[in-house]
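To keep things clear, I will list the structure first and then write my remarks on it.
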There are 2 protein chains.
Amino acid sequence: MSNLSVRELPVLQPEETVAPCCPPLTERPLSAEEAERTAVMFKALGDPVRLRLFSLIASHEGGEACVCDISDVGVSQPTVSHHLKKLREAGLLTSERRATWVYYKVAPEVVAAMSALLDLRH
Amino acid sequence: MSNLSVRELPVLQPEETVAPCCPPLTERPLSAEEAERTAVMFKALGDPVRLRLFSLIASHEGGEACVCDISDVGVSQPTVSHHLKKLREAGLLTSERRATWVYYKVAPEVVAAMSALLDLRH
DNA sequence: CGTCAATATTGACATCCGTCGAGGCAGGCG
DNA sequence: CGCCTGCCTCGACGGATGTCAATATTGACG
């Protein structure tokens with residue numbers, strides 16, 4: 001954990017964790033394990049500050065933004081950093097360092113999978 | 001709060017609270033108030049037990065189920081009741097008493113609004 | 001090398017939240 | 001009426017979570 005460069009922040013492979021998780025929730029009940037993994041994604045968006053940060057990034061030019069672009073959400077800088085980490089760990093964001101700045105962008109496949117999960121057309 | 005029959009459980013009107021909330025998260029940043037209201041919905045699905053209960057109801061015949069149909073998720077009956085209440089308060093479920101049983105069904109408009117929120121096609 | 005700016009981490013604290021057992025209420029049935 | 005079944009509410013407890021100040025880290029620039 002300590003010998004990893006920040007240039008490639010360590011995130012579990014999105015494909016393996018959350019992306020093609022489950023069929024729409026109408027198709028069949030989720031297993032306990034599926035529910036456990038899926039809940040992490042919804043929980044990540046279940047906080048007002050994180051939801052604002054996510055929408056700030058998603059609506060930003062190119063679907064990415066550096067932390068300095070989105071830090072004005074009414075909480076301290078460490079708290080912003082904490083929330084961005086949560087969103088990244090949930091697989092919803094990826095990050096990349098460029099010079100002094102760290103850029104976050106949305107992980108489209110993961111977000112699309114969440115959206116598909118809520119597709120109620122049987 | 002005490003003079004209300006259980007037959008019509010008191011839920012805030014979905015139309016007023018969450019249903020037509022916001023455009024896709026890519027369109028513009030959420031305001032603090034929008035984020036506050038929207039986070040309630042995502043938080044409701046951000047728990048494994050609630051996610052299983054929701055999928056059990058959504059995948060059940062007719063998109064509805066009575067509590068006795070879905071109580072086998074590994075927690076006590078009061079806890080099931082607590083989670084169903086959370087989902088109902090978030091606007092994701094509605095409930096109705098029929099004889100001895102209480103039936104829960106998904107609120108399609110609200111769930112569709114959540115799905116649309118995550119639609120990343122700009 | 002020293003400094004500065006941007007971001008992350010640590011540690012502490014208060015609050016929130018999931019869980020359970022106990023008990024309450026409503027409706028069906030004898 | 002009295003009892004049983006299905007579900008909800010209450011109160012308590014422990015663990016998770018959001019927040020901040022302080023500090024660390026990283027990279028750019030003299």
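Heavy-atom basis, side chains included; hydrogens, waters and symmetry copies ignored. We name chains A, B, ... by the order of the sequence lines, and we start the count at 1 in each one.
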Please tell me if the side chains of B/Pro48 and B/Arg52 come closer than 4.5 Å, counting only heavy atoms from C-beta onward. no

Applying side-chain contact (heavy atoms from CB on, under 4.5 Å) between A/Ser95 and each of A/Val102, A/Val67, A/Leu84, A/Leu87, report the one that passes. A/Val102

Reported NZ-to-CG distance for the pair B/Lys105 and B/Leu93, which is rounded to 0.5 angstrom: 11.5 Å

Rounded to whole angstrom units, what separation is found between the CD atom of B/Glu96 and the P atom of C/dG27? 14 Å

Does the distance from a Lys or Arg side-chain N to an Asp or Glu carboxylate O, for A/Glu64 and A/Arg98, drop under 4.0 Å? yes

For B/Asp69 and D/dT5, give me the distance from atom CG to atom C1', rounded to whole Å. 15 Å

Protein proximity profile, nucleotides 12-20 of chain D - base contact B, sugar-phosphate-only contact S, no contact -, cut-off 4.0 Å on heavy atoms: -----SSBB

Do you see a donor-acceptor pair shorter than 3.5 Å between the side chains of A/Thr26 and B/Ser59? no

Among C/dT9, D/dG6, C/dT7, which is the nearest nucleotide to the side chain of B/Trp101? D/dG6

Rounded to whole Å, how long is the line connecting atom OH of B/Tyr104 with atom P of D/dG6? 16 Å

CZ of A/Arg98 versus C1' of D/dT26: gap in Å, rounded? 16 Å

Distance, rounded to the nearest Å, where B/Tyr103 contributes OH and D/dC7 contributes C1': 13 Å

What is the separation between atom CG on B/Leu84 and atom C1' on C/dG18, rounded to the nearest whole Å? 14 Å

Salt bridge present between A/Glu34 and A/Arg28 (N-O < 4.0 angstrom): yes

Quickly work out the A/Arg97 CZ to C/dT9 P distance and round it to whole Å. 11 Å

